[in-house]
Amino acid sequence: MKQATATATPNLALVKYWGKRDSNLILPAAGSLSLTLDIFPTTTTVEVREDLRADDFSLNGITQTGVPAERVTQFLRHVRELAGSNSFARVTSHNEAPTAAGLASSASGFAALATAASAAYGLDLSQRDLSRLARRGSGSACRSVIPRVAVWHAGNDDETSFAEEVAAPAMAMVILVVDGAKKAVSSREAMRSTARTSPFYAAWITSTEATLREMLEACATDDFARIGEITELNALRMHATIQACDPPIRYLAPRSVAAFDRVAELRNSGVPAYATADAGPNVAVLTRPEYTSQVAAALQDLGTTHIAHAGQGAHLLTTGEESS
Ligand code: PMV
C-alpha cells in the first residue's frame, strides 16, 4: 500500500476566474490572479489499496456520497490514467475552514488531493504539472498549488493552462464572514448560467483579459494601490455580470455591500484597503500586512473576521509505503 498526505490552503482571486471555454478540461475563458492564504488548510491522505472495490472519500470524519464523492472519483480516475494504475484509493480529508465561511474549500481540497494522490500513485510531477492536475478537480485549485501570488495562464489547451508564481508586493487579507450567510448557487452552475444568459458576459471576458495584463504590470512595479483598485473593480464587474443572469443570481448581501462602503471609508481615512468577494456574501479585504488589525477592527460589527497572510502553496507532509 502506498500513501501520501498533503496540505493546501484556499486562495482568493484579485482578478477573478468566472467562465470556462472548455468545461471538460476546465480551461478558463480568461486568465486570473490570486493570493494563496495561510489559513484554513485542507489536509488529505490518499492510500492506494489493493483491497478496495471502489474509491472511498471521507471529509471531516464523514463518509461522502453523491456529488462530492463522484467529483473525487472522477479526479482519481484521471490520476490512475496518468499513473497506469487500476487500484482504488481511500481519501481522508480534513478541512479547517468554518463551514459558513464559504472560503474556496474546493480550491484547497483539490490542491491537497492532487498533491497527495499524485504522490501516492507514484507520479513525480513538476509544480506546473501539479497545477494542471489540480485544475481538473476545480479550476481555482490550480492556483492553490502555488505559493503567495499566482497567475493562472488561461492557455489554449491542457498543456498550457496552469498557474505559476509572480513577484508582488507584501499583501494580506482580512476575511469578513458575514452573519446569516445563505447557501449560494454553486460556482459551477452560476458560471454556466452567466455564459448562457448574461448579456454582459462577452464584455466581462474581454475586460478581464485587459485587467489581468494591468494587474501583472502593477505587481511587477510594486504598485500596491493600483493592485487594490484593480482588485475591487474586477470583483464588482464580476458581480454585475452575474447579477445580469436570467434568472438573476445575487451573491452579495446587504452586509456585503455595507462592508464595501466601510472599506471605502477606511481608504478615505488613509488606510490601504480594497474589497473583493467571491461567489458568496463574504467579503475579503486586501491590505498591507501592517494594517490587518486596524482593518479587522473596522469591520467587526459586520460579522466575524479572520486575518490571513500569504501562504505556501500545496505541499506534501508525508509519503510512504506500508504493508496492508
Ligand atoms: O474553481 P471554482 O469552480 O470554485 O470557481 C471559483 C470562482 C471564484 O472563486 C468566484 C473566482 C476565483 O477566481 O476564484
Side-chain angles (χ1 to χ4, degrees), residues 1-10 17 20 22-28 41-97 99 103-125 129-145 158 161-162 183 185-192 279 314-322 324:
M1 180 182 87
K2 274 191 168 175
Q3 70 163 57
T5 300
T7 188
T9 46
Y17 149 57
K20 297 178 174 73
D22 184 324
S23 52
N24 237 346
L25 294 172
I26 314 198
L27 303 179
T42 301
T43 302
T44 297
T45 298
V46 175
E47 299 165 58
V48 178
R49 304 177 61 113
E50 307 304 330
D51 60 335
L52 291 177
R53 294 290 185 83
D55 296 316
D56 173 299
F57 171 42
S58 79
L59 176 61
N60 295 341
I62 299 164
T63 299
Q64 303 291 301
T65 54
V67 174
E70 184 43 45
R71 278 183 77 177
V72 165
T73 292
Q74 200 183 327
F75 184 81
L76 290 174
R77 220 175 274 141
H78 178 58
V79 175
R80 282 191 281 270
E81 256 169 48
L82 294 173
S85 165
N86 295 316
S87 308
F88 293 107
R90 170 162 300 154
V91 177
T92 314
S93 204
H94 291 275
N95 181 4
E96 286 180 31
T99 10
L103 249 180
S105 58
S106 67
S108 56
F110 279 103
L113 179 61
T115 307
S118 57
Y121 277 98
L123 295 168
D124 186 16
L125 301 183
D129 289 344
L130 199 52
S131 172
R132 287 174 48 224
L133 177 61
R135 193 198 76 229
R136 301 292 287 266
S138 180
S140 58
C142 76
R143 298 184 313 231
S144 273
V145 167
D158 178 41
S161 188
F162 61 90
K183 181 110 188 82
V185 185
S186 79
S187 57
R188 208 158 259 216
E189 205 180 307
M191 265 185 216
R192 222 178 292 136
H315 54 277
L316 278 174
L317 296 176
T318 59
T319 158
E321 203 141 347
E322 283 170 29
S324 51

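All values reported here derive from a predicted model rather than from experimental measurement. For the numbers below, each heavy atom of this structure counts, side chains included, while hydrogens, waters and symmetry mates do not.
We find the CZ-CZ distance between Phe162 and Arg135 to be 10.5 Å, quoted to the nearest 0.5 Å. If you take CZ on Phe88 and CZ on Arg77, they are separated by 8.5 Å, rounding to the nearest 0.5 Å. Rounded to the nearest 0.5 angstrom, Ser138 OG and Ile26 CD1 are separated by 6.5 Å. In this structure, Thr44 OG1 and Phe57 CZ are separated by 7.0 Å, a value rounded to the nearest 0.5 Å. Summarising the geometry, atom NZ belonging to Lys2 is positioned 10.5 Å from atom CD belonging to Glu50; distances are rounded to the nearest 0.5 Å. Rounding to the nearest 0.5 Å gives a distance of 7.0 Å between CG of Asp56 and OG1 of Thr92.
Test Arg90, Arg49, Arg80, Gln74 against Asp55 for side-chain hydrogen bond (donor to acceptor under 3.5 Å, both in side chains) and you get one pass: Arg80.
No side-chain donor-acceptor contact under 3.5 Å links Asn95 to the backbone of Asn60. Proximity of a side-chain donor or acceptor of Glu96 to a complementary backbone N or O of His94 within less than 3.5 Å is not detected. Looking at Ser131, its side chain does come within 3.5 Å of a backbone N or O of Cys142 through a donor-acceptor pair.
Side-chain contact, Thr9 with Ser108: no donor N or O sits under 3.5 Å from an acceptor N or O.
Contact check on Asp158 versus Arg136 returns a salt bridge, with a Lys/Arg side-chain nitrogen under 4.0 Å from an Asp/Glu carboxylate oxygen.
Annotation for Thr43 and Thr7: closest pair OG1-OG1, 3.2 Å, computed over non-hydrogen atoms. Considering all non-hydrogen atoms of both residues, Tyr121 and Ser85 come closest at CE2-OG, 3.4 Å. Here the shortest heavy-atom pairing between Ala134 and Ala111 reads CB-CA, 4.2 Å. In this structure, Val48 and Ser87 approach most closely via the heavy-atom pair CG1-CB, 3.6 Å. What you find for Leu125 and Ser118 is that their closest heavy atoms are CD1-CB, 3.8 Å. Contact detail for Ala112 and Ala8: the closest heavy-atom pair is N-CB, 3.6 Å.
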Original post:
Is there a side-chain contact (heavy atoms from CB on, under 4.5 Å) between Leu82 and Leu133 once you walk through the steps?
Top reply: CA-CA 10 Å; Leu82 294 173; Leu133 177 61; 4.1 Å; yes

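Taking 4.5 Å as the limit, every side-chain heavy atom of Ser93 sits out of range of all side-chain heavy atoms of Leu113. In this structure, Leu25 and Ser161 have side chains that are not in contact, with every pair of non-hydrogen atoms separated by 4.5 Å or more. With a 4.5 Å cut-off on side-chain heavy atoms, Asp129 and Leu123 do not count as touching.
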